[in-house]
Amino acid sequence: MVSERLTPMSAPLTSPVVTRFAPSPTGFLHIGGARTALFNWLFARGRGGKFLLRIEDTDRARSTPEATEAILKGLTWLGLSWDGGAVSQFERAPRHAEVAYQMLARGHAYKCFATQDQIEAFREAARAEGRSTLYQSPWRDADPATHPDAPHVIRLKAPRDGETVIEDAVQGRVVFRNDQLDDMVCLRSDGTPTYMLAVVVDDHDMGVTHVIRGDDHLNNAARQSQIYLAMGWAVPQFAHIPLIHGEDGKKLSKRHGALGVEDYQKMGYPAAAIRNYLARLGWSHGDDEFFSDDQAVQWFDLAGIGRAPARLDLKKLDHLTALHFSAMNDAAVLHELEAFLAVTGADLLTGAQRNGLLAAMPQLKDKARNFGQILERGHFVLISRPVVPDEKAAKALDSVSRSILSELTPQLQNASWERERLEAIVSEIAARHGLGLGKIAPALRAALAGRSVSPSVFDMMLVLGRDETLARLTEAASGS
RNA sequence: GGCCCGUUCGUCUAUCGGUUAGGACACCAGGUUUUCAACCUGGGAAGAGGGGUUCGACUCCCCUACGGGCUGCCA
């Protein structure tokens, strides 16, 4: 079993790896599609290969330029850089037709003049009789001399006996009986290519060596391999990966809420955490859970991909996010935070706010689960005087607390501005009143941040600096 | 209906015939604490069911159940 999965197929070891991501532009970049793209990217990058992008826009009715734009944006945000430009499948239609006619000329395909109504009638009858509904065209072996001058499609003349075997890097050896596969349409009656033909031609022309895609294509792989065979082309190594399911175990759908990668960006997740999470979803490298891009690229392999669909678990993403914030340097976090503000339509930062956030970043990003949380914690550097306490904070600023604050101010006036000293001074004042730190911290917090939740009061003092700290404390003490 | 794929703690997974079935997230309890959080310690938690094969099966084979996919002149 294992050896089967590891056996490379037709592509010689010397040929450079070429993978591709081939979404159809009918909507945003789905989180499942993002993972497929990631796997292809990791595989290529780890082997010095190329990762190509092809937009499967042959369905003119459903394809939109907006969707293409959204997909490119999504991939870019995720950091999945592709080699060369994005190829439009639609623009390659003439080449697809050319291949269809080549197969026709070689006797591997035939013209079928059956109308949609006739095909439907065939299927209904088959269903009624309990026979296979796969369409069997009467034109398969018709003498060209009998061909009418009428609209027709070009169908693949697929073998009816024997088996088609797919050696899949994930699914193992999968066998299909040829009588279960029909003569699929390659060229529609309007002369445009179908997806089945187009993928094969494009993958071949683009030199794709490894086709890593969702396992909803596993059955298609059998059909497609017949085209490779008909054309005498090398069949690429297939790797059909299980689709991701929602937290309820059902197939991902709109009702699960946010699904586009852009939505995850808006939820405040950094791209690095998404990459790590998505890579670990359905793929494993022993017990490694948290890893860098470099490690992922180095470790990723097809054999480590599981065969069962995995469910999305945002809690785990939250956890990984915290770890990635710790691993990222402060400037990088700030940079991505600003991108977050931009996509969420929030106000951009002033220079002072940016400096303040950067100074406070070690505390802000520590164990944070998203950018929104960092912003929440950083509230104290984003505001300017006068600090307006919210309801809870206001309660902490009663008259007793205010008098303690005013007692504190002169002590801080000349203290050396370092954490230990500040702690000592505040503790001493607290002790003088027979209180613990826990009794006066809320007031300090309210004075400095205007809130009941914030980073440590001492961290805030250090970031704010002596002047600003004293100004805020004085204001709060005077009750203004 | 036919064909194909899947099924280890709640979740993601490790395990390549011999393990007290491990880890992570989540959860629960206790501790710690200037808030939220974090942190420390401990805990509960799994091989879908049934047949084989084997000295020995989570691992291999078959059946059943359940889930998913395909069965388009969609991709």
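Protein chains get the first letters and strands the later ones, always in sequence-line order, with residue 1 at the start of each.
- One interatomic measurement links the two molecules: CD of Gln118(A) to C1' of C73(B), which rounds to 14 Å at whole-angstrom precision.
- A close approach under 4.0 Å does occur between a side-chain nitrogen or oxygen of Arg123(A) and OP1 or OP2 of G72(B).
- As rounded to whole Å, 16 Å separates atom P of C70(B) from atom CE of Met184(A).
- Relative to the six-membered ring of Phe380(A), Arg445(A) misses at least one condition, a distance below 6.0 Å or an angle of at most 45° to the axis.
- Using C1' as the reference atom, G6(B) and U13(B) are 16 Å apart when rounded to the nearest Å.
- Pair check for U7(B) finds A65(B); Watson-Crick or G-U wobble, both atom distances under 3.5 Å.
- Of the candidate nucleotides G68(B), C73(B), C70(B), C73(B) has the atom lying nearest to any side-chain atom of Ile119(A).
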* In B/S/- notation, 5' to 3', how is nucleotides 32-44 of chain B contacted by protein heavy atoms closer than 4.0 Å? -> --BBSSSS-----
Atom pairs, N/O to N/O, protein against nucleotides 4-14 of chain B, distance under 3.5 Å?
unit_1, atom_1, unit_2, atom_2, d
C5(B), O3', Gln171(A), OE1, 3.2
C5(B), O2', Gln171(A), OE1, 3.1
C12(B), OP1, Arg311(A), N, 3.0
C12(B), O2', Arg280(A), O, 3.3
C12(B), O2, Lys316(A), NZ, 3.2
U13(B), OP1, Gly282(A), N, 2.6
U13(B), O3', Ser284(A), OG, 3.2
U13(B), O2', Arg280(A), NH2, 3.1
A14(B), OP1, Ser284(A), OG, 2.9

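- Salt-bridge check for Asp288(A) with Arg280(A): failed, with every basic side-chain N at 4.0 Å or more from each acidic carboxylate O.
- Arg131(A) comes within contact range of no nucleotide atom at all, as no heavy-atom separation falls under 4.0 Å.
- Both tests pass for Arg60(A) against the ring of Phe90(A): distance under 6.0 Å to the centre and angle within 45° of the axis.
- Ser189(A) contributes a side-chain N or O that forms a donor-acceptor pair with the base of C73(B) under 3.5 Å.
- Taking the centre and axis of the six-membered ring of Phe39(A), the NZ or CZ atom of Arg35(A) falls inside the cone set by 45° and 6.0 Å.
- Electrostatic pairing of Glu418(A) and Arg421(A) does not count as a salt bridge here, judged by no charged N lying under 4.0 Å from a carboxylate O.
- In the set C73(B), A26(B), G69(B), A26(B) carries the atom at the smallest distance from any side-chain atom of Lys315(A).
- Taking atom CG of residue Leu302(A) and atom P of nucleotide C16(B), one finds them 21 Å apart after rounding to whole Å.
- Of the candidates U71(B), A75(B), G2(B), the closest approach to any side-chain atom of Gln180(A) belongs to G2(B).
- Side-chain nitrogen and oxygen atoms of Thr58(A) include at least one within less than 4.0 Å of the OP1 or OP2 phosphate oxygen of A75(B).
- Among the heavy atoms of the strands, none lies under 4.0 Å from His240(A).
- Between the CD atom of Glu120(A) and the P atom of U71(B) there is a distance of 14 Å, given to the nearest Å.
- Going from atom CZ of Phe291(A) over to atom P of A24(B) covers 16 Å, rounded to whole Å.
- In this structure, Asp57(A) places its CG atom 15 Å from P of C74(B), rounding to the nearest Å.
- Between the C1' atoms of A45(B) and A24(B), the separation comes to 14 Å (whole Å).
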* Would you please test Phe51(A) and Trp82(A) for ring pair (Phe, Tyr, Trp, His ring centres under 6.0 Å) and show each step? => CA-CA 5 Å; Phe51(A) 169 60; Trp82(A) 56 95; 7.7 Å; no
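- Met196(A) comes within 4.0 angstrom of a nucleotide base, judged by non-hydrogen atoms across all strands.
- Using a 4.0 Å heavy-atom cutoff across all strands shown, Ala449(A) reaches no nucleic acid atom at all.
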